[in-house]
Structure formats: C-alpha cells, structure tokens
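Inspection log for the structure reproduced underneath, given as structure tokens.
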Amino acid sequence: MTTASAPGKIILFGEHAVVYGRPALAAPVTQVHADVDIAASDRPGIWIDAPGISLRCELNALPSDHPIASVIHNFFPPLSSPHFRESKMEGQRGVKITITSTIPVASGLGSGAAVTVALVRALAAHFNVPMSAEEVNAFAYEIEKIHHGTPSGIDNTVITYAKPVYFVRGQPIETFTVGEPFTIVIGDTGISAPTKEAVGDVRKLWEADREKWEGVFDQIGRIVKEAREKIESGKWKELGGLMNDNHALLQQMTVSSPELDRLVEAGRKAGALGAKLSGGGRGGNMIALVEPSDAEAVVRSLKEAGAKNAIVTQIG
Ligand code: MEV
C-alpha cells in the first residue's frame, strides 16, 4: 500500500492581490491534512472511496470534470493508457484509492489543492512514476485552473512544498525564514464559499475601474513586503496592525462578509494583536495573531461569536 499526505494552508497576507501579480505570504497548517492510500485490489478497476464526501464508486462512474476524476484522468495520462495499465498493473487486477481529509471544504484552507497534491503523490508512488516537487506543483496548478478559474498558484505551491512561502505569480518558489515563531488562531465561519466566485467578483470590480483597484493591490503589495521583513526579523508583534490594514482593503474588495467581520472583531476584542480574513473570503476562515498566552481566550471568543471551529497553529 502507498500513502501520501498534504497539509492545509493559510494565506497570511496578500490574497486576491496575488492574482494580479502582487506578492503574498502563505504558510502550511499541519493540524489539518488530506490523506490518500492506494492498495492493489482483486476487484478489477480503479475504485475510489472518499467517505468524507460519501463517494464510493469506480472511476468511470464519475463525470470527467469531477475534481478527483480530473486528477486521475486528465493530468495523469499514463494511467489512461492501456499499455501503462498492462505494464504497471501487472499482478494487480485493480486498485482501491481511499481519500480522507480533515480540511474543511471551501473554507480557504486549501482543501482542494491538498487532495490533489496527496492524490498525485500517492499515484506516482504506487505506479512507480518519479515526480519531483516541481512536477507535482505544476500538475496541481493545472487542476486548480480547471476548478478555480484564474488561480495565482499560491495554494498548490505552499501545499506542495509544505513550507512558508513568499509567492509571486509565475516566479520560482521563494521560501522565507521566520525570525521568531508566532501564534495564529484560525476561526472558521462554517460558511462554505467557493474561491472561484470571490475571485470572479474581484475581477469584475477590476475590469470596471482598473486604476482604482491596481492602486488597492499596490497597497496590499506594500503590506506584504513589510510583513515579510517583520517576520524575518522576529518582530511578529508588529504584524497585527498590518493584518488589520490588509483586512480593511479586503473589505473594500467586497470579499469579507458579516460573519467574517464578526469573528475578526471578536478576535481583536479578546486580545488578538490583529486579525483578517484568510483565503478567498465571503465565508471560510479568518486568522488572528495572538500572544501564546491569549490563544485560548481568543478561541473561546471566536466560538462565542459564531465560529464553527477554531485551531491554534504556530508559524515557524
Ligand atoms: C485563495 O487561497 C487565494 C486567492 O488569492 C486566490 C488565488 O490566489 O488563486 C483568493
């Protein structure tokens, strides 16, 4: 049996503006993950078991644009070729692919990209097809494009490399150092919000007034660069104000929501040094920067303000 796992992720700074070429900072969240097991089976065919989404069927029963099927079919061409099947599946009548994930779906934590990365890695290992991290990342980006319209590629990159990244669309991966580890509380609104819609709405705003929104994206780009300096030099307490500024700009972009704003406010009132939405917005998750000793109070306050879940994670 082969297994592979991929973590969730948070965007610390720069979501949305990153689609327009500005930098963004993201970090893996290892408390949540997608896991894939592949085992040879006597039953002919490629059987998929994803209990979390109540999916149990043979590959051919899935529409080809289904996120799982699209990974297996469209971007792993060897698996579709009869020759490959004959040579690599020798002695195996079929395979059973089990997919589980603790990453909430459509919540800004990268659940789709994590399933893709874990699935590709498990397939590559099971069928002895060597794939570098760069190849896995490029592959996952193609899948993101099918399901998310115009993704920047930040989600698949941070999840593939499982390291904090300073990401600029189309540029080689750049990791950054964390001068002194810091603590983040992640609060989940419980509202699933597809990234594609929020990204599409920001595009409409940008198309209607490019000058205005390019200016907003520039402001976010400056926040991201300053945040990177603070993180690298261990001045993490100064990130709070930058998070608040970034959130205000995301509100202008219409990607926040009353529920996200309520959690952001509750986090700040309970002692967080700053808070913002994280990821596509509209629903999904927000993040709050906290002194470690305040983490539990902030978790409690987020839950009182309606968070369905809250996770404490350390960056660095
Ligand atoms: C989603 O995690 C981040 C966005 O900036 C979209 C993207 O970069 O593809 C909202």
Side-chain angles (χ1 to χ4, degrees), residues 6-29 32 34 67 101 103-117 137-171 173-174 184 186-189 191-206 213-214 216-221 223-224 227 243 246-247 249-257 260 276-287 311 313 315:
K9 69 98 210 337
I10 47 172
I11 309 267
L12 293 169
F13 291 95
E15 51 275 272
H16 287 290
V18 70
V19 173
Y20 299 83
R22 277 34 167 221
L25 295 170
V29 178
V32 287
S101 175
I103 310 173
V105 174
S107 71
L109 294 184
S111 65
V115 167
T116 299
V117 167
N137 193 30
F139 183 103
Y141 184 46
E142 293 305 315
I143 300 287
E144 289 280 285
K145 282 198 253 179
I146 300 181
H147 303 296
H148 296 306
T150 55
S152 63
I154 191 169
D155 289 13
N156 49 277
T157 301
V158 65
I159 286 168
T160 300
Y161 291 92
K163 285 189 186 134
V165 296
Y166 176 86
F167 181 88
V168 181
R169 187 172 188 167
Q171 292 193 10
I173 168 172
E174 195 176 330
I184 294 281
I186 306 171
D188 187 355
T189 60
I191 298 167
S192 73
T195 305
K196 191 175 178 170
E197 280 171 28
V199 169
D201 289 350
V202 172
R203 183 152 299 263
K204 281 183 206 142
L205 290 176
W206 175 76
W213 294 105
E214 286 291 331
V216 170
F217 300 152
D218 281 342
Q219 287 183 63
I220 293 179
I223 291 174
V224 172
M243 280 177 142
N246 196 165
H247 185 70
L249 293 167
L250 289 161
Q251 283 175 316
Q252 273 190 42
M253 271 185 230
T254 75
V255 293
S256 194
S257 68
L260 279 166
K276 63 181 277 295
L277 71 86
S278 175
R282 296 274 163 80
N285 282 276
M286 50 70 71
I287 55 175
I311 307 171
T313 192
I315 309 295

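Just follow the structure's listing: the first ligand is 1, and inside any ligand the first atom is 1. For the numbers below, each heavy atom of this structure counts, side chains included, while hydrogens, waters and symmetry mates do not.
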message: Determine whether Glu142 and Phe139 satisfy the following criterion, side-chain contact (heavy atoms from CB on, under 4.5 Å), listing intermediate values before the conclusion.
response: CA-CA 5 Å; Glu142 293 305 315; Phe139 183 103; 5.9 Å; no
Partners passing side-chain contact (heavy atoms from CB on, under 4.5 Å) against Ala227 (at least two apart in sequence or in another chain): Phe13, Leu25, Leu239, Leu242
message: Looking at Lys9 and Gly108, would you say the former's side chain and the latter's main chain have a donor-acceptor pair under 3.5 Å?
response: yes
query: Excluding sequence neighbours, so at least two apart, what forms side-chain contact (heavy atoms from CB on, under 4.5 Å) with Thr195?
result: His148, Val199
Can you give me a line-by-line list of nitrogen or oxygen pairs between ligand 1 and the protein shorter than 3.5 Å?
unit_1, atom_1, unit_2, atom_2, d
ligand 1, 2 (O), Lys9, NZ, 3.0
ligand 1, 2 (O), Asp155, OD1, 2.9
ligand 1, 2 (O), Asp155, OD2, 3.2
ligand 1, 5 (O), His16, N, 2.8
ligand 1, 8 (O), Ser152, OG, 2.5
ligand 1, 9 (O), Ser152, N, 2.8
ligand 1, 9 (O), Ser152, OG, 3.4

message: Under a 3.5 Å distance rule, please check whether Arg169 uses its side chain to pair with a backbone N or O of Gly21 as donor and acceptor.
response: no
- prompt: Under the salt bridge (charged side-chain N to carboxylate O under 4.0 Å, His left out) rule, what pairs show up with a residue in residues 12-29, not counting sequence neighbours?
  reply: Glu15-Lys276, Arg22-Glu214, Arg22-Asp218
